[in-house]
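To start, the structure under review is shown below, and the notes come after it.
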2 protein chains.
Amino acid sequence: MAGMSKARGRPRTFDRDAALEAAIRLFWERGFEATSLGELTEAMGIRPGSLYAAFGDKKALFREAVEVYGRSPVGSFPARALAEEPTARGAVSRILREAAAVYADPSHPAGCLAISAATNVTAQDDEIAKFLRDVRNAGLAAIEERLRRAQEEGELPAGADASALASYFATIVQGLSQRARDGADAAELSQVAELALAAWPDGG
Amino acid sequence: MAGMSKARGRPRTFDRDAALEAAIRLFWERGFEATSLGELTEAMGIRPGSLYAAFGDKKALFREAVEVYGRSPVGSFPARALAEEPTARGAVSRILREAAAVYADPSHPAGCLAISAATNVTAQDDEIAKFLRDVRNAGLAAIEERLRRAQEEGELPAGADASALASYFATIVQGLSQRARDGADAAELSQVAELALAAWPDGG
DNA sequence: TCCATTCTTGAGCAGTCACTCAACAAATAG
DNA sequence: CTATTTGTTGAGTGACTGCTCAAGAATGGA
């Protein structure tokens, strides 16, 4: 950490970040198991040996792909909304509206990588499915936490069920991702997002 | 068709319906590609040769599994609700409430087979993904049709957007299935269903 | 009895899967 | 220079994939 000395040995001949970006795309499009190492190495422009040297194995590459995706604008918009919007209502509306726009954006694969990339998985890759499940449930917990704070601060009525509301909005987000993968465009998803906001206590 | 003559040749030694039921369970649990022929033959209690003789190939078996699932109580509740309920409002509420109960019923795999069994698929099995996508979009179209009729009959306000509402409810259903697969129980999903109904024009 | 028909069985097919490794290449350190 | 370290390469690993097929078994019909 301190020395930051020059790297020894033969330097890497490919751009690690660019290669990872290619892997993200593929996993996003097809999912973890449906993406083969052959497809990965071809899209990343490297040979299997380089992939294993640089990323570990397929599971480690996937985990890193999910992490980097989660820090990208497309993957981090819910966390940003929760952190930046002054009100819970504002945060939730922004999440739904941005989800509608982002999930149907044709410049990248449809929907959310964390929602759709490990739904059909062999027994031996169950840990990968669990990994993404935990990511999703953490997102749900973050919404619920924000709603509880809103309740303490008086923004959300004391009679409202923060837990149920959080589940509801998480359900909408996951549904939007699925509908985008089924071909729904941004206009259609936006209408869904607006309708979904009607469930907010005291009307839309 | 007319003769109904006795079957010639060696009779089948296994129960075709029971074997198909076992296949449905596996596909429901893991999805199309993540279920191997080895797992199928073991669960169905037959050898590969018998499977191919009785069902064709893996894709044909899957299609038949989806069809039979779609005629079962668990798979046909949306169509039943649309056909049996006198009002569109009643049909939609029933769909959401039954989805909450059925998708989280621990006596069978979580969620909906048609929603979750072919989301991560290789290029060579794209037709299977398309097949289920069409099934889902047909479900959406059925809801939209019912809402349009409700609008003609005056149940739904003329100003309401039947298409957007249908998309919204389809999004909820798909979201409920996903949440069930993530471990949400019936109580949680029921709360989501009730909140979702708040979007119905003129309040819940 | 003998044939035709249908099903079951077990062995095994070509292809793909994720992954590995010895040999070579390119860099730094001394 | 040599030694060390790290990366790339191409061939290849065993295990698994969906699937097939010849041989044998069980039925009905003549």
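Nothing here was measured: the structure is a model prediction, and the numbers come from that model. Lettering of chains follows the sequences in order, A, B, ..., and the numbering in each one begins at 1. The figures that follow rest on heavy atoms only: side chains count, while hydrogens, waters and symmetry mates do not.
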Return the value, rounded to whole Å, for the distance between atom [atom1] of [X] and atom [atom2] of [N].
X       : N      : atom1 : atom2 : result
A/Asp57 : C/dT20 : CG    : P     : 8 Å
A/Arg16 : D/dT8  : CZ    : P     : 11 Å
A/Phe14 : D/dG7  : CZ    : C1'   : 9 Å
A/Leu61 : C/dC17 : CG    : P     : 16 Å
B/Leu40 : D/dT17 : CG    : P     : 10 Å
B/Leu37 : C/dG15 : CG    : C1'   : 15 Å
B/Glu42 : D/dC16 : CD    : P     : 13 Å
A/Arg10 : D/dT4  : CZ    : P     : 20 Å

salt_bridge(B/Arg80, B/Glu98) N-O dist < 4.0 Å: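 Not counted as a salt bridge, because no side-chain N and carboxylate O are separated by less than 4.0 Å.
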Whether A/Arg94 and A/Glu84 form a salt bridge (side-chain N of Lys/Arg under 4.0 Å from carboxylate O of Asp/Glu) is what I want to check.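 A/Arg94 and A/Glu84: salt-bridged.
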Do A/Glu33 and A/Thr122 have side-chain atoms, one donor and one acceptor, less than 3.5 Å apart?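 A/Thr122 and A/Glu33 do have a side-chain donor-acceptor pair below 3.5 Å.
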Do the rings of B/Phe55 and B/Phe14 sit parallel, tilted or perpendicular, given the 30° and 60° boundaries? tilted
Measure up the B/Trp28 and B/His108 rings against each other and bin them: parallel (under 30°), tilted (30 to 60°), perpendicular (over 60°). parallel
Pick the nucleotide of DNA chain C nearest each of A/Tyr52 and B/Ala53; which residue has the one closer to the 5' end? B/Ala53
Of A/Glu39 and A/Gly56, whose nearest nucleotide on DNA chain C comes first from the 5' end?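 So the residue in question is A/Glu39.
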Which part of the nucleic acid, if any, lies within reach of B/Pro11 when heavy atoms closer than 4.0 Å are counted: base, sugar-phosphate only, or nothing?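 If one applies the 4.0 Å heavy-atom cut-off, B/Pro11 turns out to touch the sugar-phosphate alone, with no base involved.
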What contact category does A/Thr35 fall into here, base, sugar-phosphate, or nothing, at under 4.0 angstrom with non-hydrogen atoms?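 Here A/Thr35 touches the backbone only, sparing every base.
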Should [X] be listed as having a side-chain N or O under 4.0 Å from OP1 or OP2 of [N]?
X       : N      : result
A/Ser36 : C/dC17 : yes
A/Arg47 : D/dT9  : yes
B/Thr13 : C/dC7  : no

Could you check which of C/dC7, C/dC19, D/dG29 has an atom nearest any side-chain atom of B/Arg12? C/dC7
What nucleotide, of C/dT5, C/dA27, D/dC19, holds the atom closest to the side chain of B/Lys58? D/dC19
